[in-house]
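Worksheet for the structure shown next.
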Protein chains: 2
Amino acid sequence: MQNLLFNFISKYISITEEEKNVLVSLNLFHSVKKGTILLKEGQHSKESYFVLNGCIRTYYILDGEEKTTAFYTEMDALTPPCVISQTPSECYISCVEDSIILVSNEDMSEEVNSKFPKFDIMCRKFSEELLAKQQINFDEFKTSSPEQRYLNLLKNRPDLIQRVPQHQLASFLGIKPQSLSRLRARMLKKES
Amino acid sequence: MQNLLFNFISKYISITEEEKNVLVSLNLFHSVKKGTILLKEGQHSKESYFVLNGCIRTYYILDGEEKTTAFYTEMDALTPPCVISQTPSECYISCVEDSIILVSNEDMSEEVNSKFPKFDIMCRKFSEELLAKQQINFDEFKTSSPEQRYLNLLKNRPDLIQRVPQHQLASFLGIKPQSLSRLRARMLKKES
DNA sequence: CTTATTTCTTCACTTAAGTGAACGAGTTAT
DNA sequence: ATAACTCGTTCACTTAAGTGAAGAAATAAG
């Protein structure tokens with residue numbers, strides 16, 4: 001499992017055995033059960049997450065309704081908005097599946113960064129990449145209809161459709177579960 | 001006009017006269033007329049923009065239709081997706097109003113960063129802030145109806161509604177110009 | 001194994017957005 | 001000054017999403 005992490009890191013920087021040991025000694029690895037809630041509305045948090053295995057999701061509760069905004073799967077990283085803005089969280093984070101994740105807090109990353117300046121470089125590259133991905137995602141969402149979004153999902157992250165309950169997918173696509181059901185039925189008809 | 005920039009920078013780091021002079025000597029300031037297109041689909045670019053004054057927008061042309069995804073006004077920064085991903089641009093950038101903007105390219109920022117490591121720190125803080133803002137924007141967009149989005153806009157960026165043509169606003173809100181017209185008419189009725 | 005609970009689909013109905021066309025007001029160009 | 005555009009609004013009509021309710025199927029809990 002740790003190798004997954006080291007492989008990922010070596011995409012950005014080279015890493016020595018010594019550095020690997022430091023990382024391991026930090027006890028970053030956590031195994032979390034499906035349904036576990038990692039962050040609740042109102043909480044203060046300095047934790048970032050990195051998914052090695054499994055799936056976690058961010059959502060809001062507005063007017064008593066869950067609104068899912070994102071899913072994070074293998075090799076996805078997530079720093080909740082509240083951690084950056086240093087305000088009480090407005091969103092929830094929970095595990096969609098049994099997952100193995102890295103949990104790091106700010107103090108830890110400062111420690112690592114001071115010992116290994118290379119990590120700073122990696123984080124920077126990584127967050128630039130994230131920013132670009134997010135930009136593109138946002139643009140794609142804005143410029144698409146729910147149906148197009150579903151087709152995009154089918155193309156880009158087909159696994160999600162299998163792994164995630166429909167009603168969570170629906171709100172991720174910006175519609176109600178009933179509408180997603182209809183949409184799928186409509187598409188099946190068209191095919192034939 | 002330059003003071004606008006320096007004031008902005010001092011929100012993040014302290015800056016000496018010497019450093020100011022280096023910045024000025026770089027000839028970053030550009031005055032651009034309304035309607036000027038800064039970036040076209042298919043172009044390669046390494047340029048980032050910072051708006052001192054005025055308004056620029058990013059949009060895509062899909063099926064012959066303009067889809068506006070963002071407006072950038074005073075003290076907003078923009079690094080187009082294509083610059084980060086180093087691929088031909090898929091989006092356009094144009095001036096909504098006569099504007100004064102900073103244009104910087106990657107080589108330049110590397111030069112500045114090597115001379116003044118402080119700038120690196122500033123860029124990092126700034127991009128973290130941007131990432132958080134974007135995250136929040138995206139979540140807000142996803143969890144809102146067109147009407148709520150319009151109300152949000154009215155609350156958070158009321159100037160845009162005055163400054164920007166309705167049909168560009170409409171696609172920014174994810175709907176057609178006719179729908180925005182109706183939506184506004186509907187809201188006026190409700191008020192009375 | 002049986003009872004709950006969650007999840008997904010379907011239905012009838014309401015509401016809002018998409019579409020294509022038309023019109024006037026304001027701009028720009030010639 | 002006139003013609004050509006752009007822009008915003010309105011209208012009638014179509015299509016799709018929201019809503020509330022109901023029921024089947026799958027999962028989880030006892």
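Chain identifiers are assigned alphabetically (A, B, ...) following the order of the sequence lines, protein sequences preceding nucleic acid strands; residue numbering begins at 1 within each chain. The basis for the numbers below is simple: all heavy atoms, side chains too, and nothing from hydrogens, waters or symmetry mates. Note that the structure is a prediction, hence the values are computed from the model and not measured.
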Between [N] atom [atom2] and [X] atom [atom1], what is the distance in whole Å?
X: L169(B); N: dA17(C); atom1: CG; atom2: P; answer: 15 Å
X: L188(B); N: dG8(D); atom1: CG; atom2: P; answer: 16 Å
X: Q166(A); N: dA26(D); atom1: CD; atom2: P; answer: 14 Å
X: L183(B); N: dG8(D); atom1: CG; atom2: C1'; answer: 15 Å
X: H167(A); N: dT10(C); atom1: NE2; atom2: P; answer: 18 Å
X: R186(A); N: dC11(C); atom1: CZ; atom2: P; answer: 14 Å
X: Q178(B); N: dC7(D); atom1: CD; atom2: P; answer: 13 Å
X: M187(B); N: dT9(D); atom1: CE; atom2: P; answer: 13 Å

### Query
Looking at Y49(A) versus Y72(A), is the centre-to-centre ring distance below 6.0 Å?
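No.
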### Task
For G174(B) and for K34(B), find the nucleotide of DNA chain C with the closest heavy atom, then tell me which residue's nucleotide is more 5'.
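That would be G174(B).
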### Query
Is a side-chain donor or acceptor of K118(B) paired with a backbone partner of S14(B) at a separation under 3.5 angstrom?
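Checking the backbone N and O of S14(B) against the side chain of K118(B), a donor-acceptor pair under 3.5 Å is found.
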### Message
Which is more 5' along DNA chain D, the nucleotide nearest L180(B) or the one nearest K176(A)? Just name the residue.
### Response
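Upstream on the strand: L180(B).
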#### Entry: Nearest-nucleotide 5' precedence on DNA chain D, R182(B) against P165(B)
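By nearest-heavy-atom nucleotide position, the 5'-most residue is P165(B).
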### Query
Can you check whether S181(B) has a side-chain N or O nearer than 4.0 Å to OP1 or OP2 of dT10(D)?
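So the side-chain polar atoms of S181(B) never come under 4.0 Å of the phosphate oxygens OP1 or OP2 of dT10(D).
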### Nearest listed nucleotide, side chain of S179(B), among dT9(D), dA17(C), dG18(D)
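Between dT9(D), dA17(C), dG18(D), the one nearest the side chain of S179(B) would be dA17(C).
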### Task
Tell me, please, whether F8(A) has K11(A) positioned over its six-membered ring: NZ or CZ under 6.0 Å from the ring centre and within 45 degrees of its axis?
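Relative to the ring axis of F8(A), which defines the angle, K11(A) lies outside at least one limit.
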### Task
For S104(B) and S48(B), test the side chains for any donor-to-acceptor distance below 3.5 angstrom and give the result as yes or no.
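No, S48(B) and S104(B) have no side-chain donor paired with an acceptor closer than 3.5 Å.
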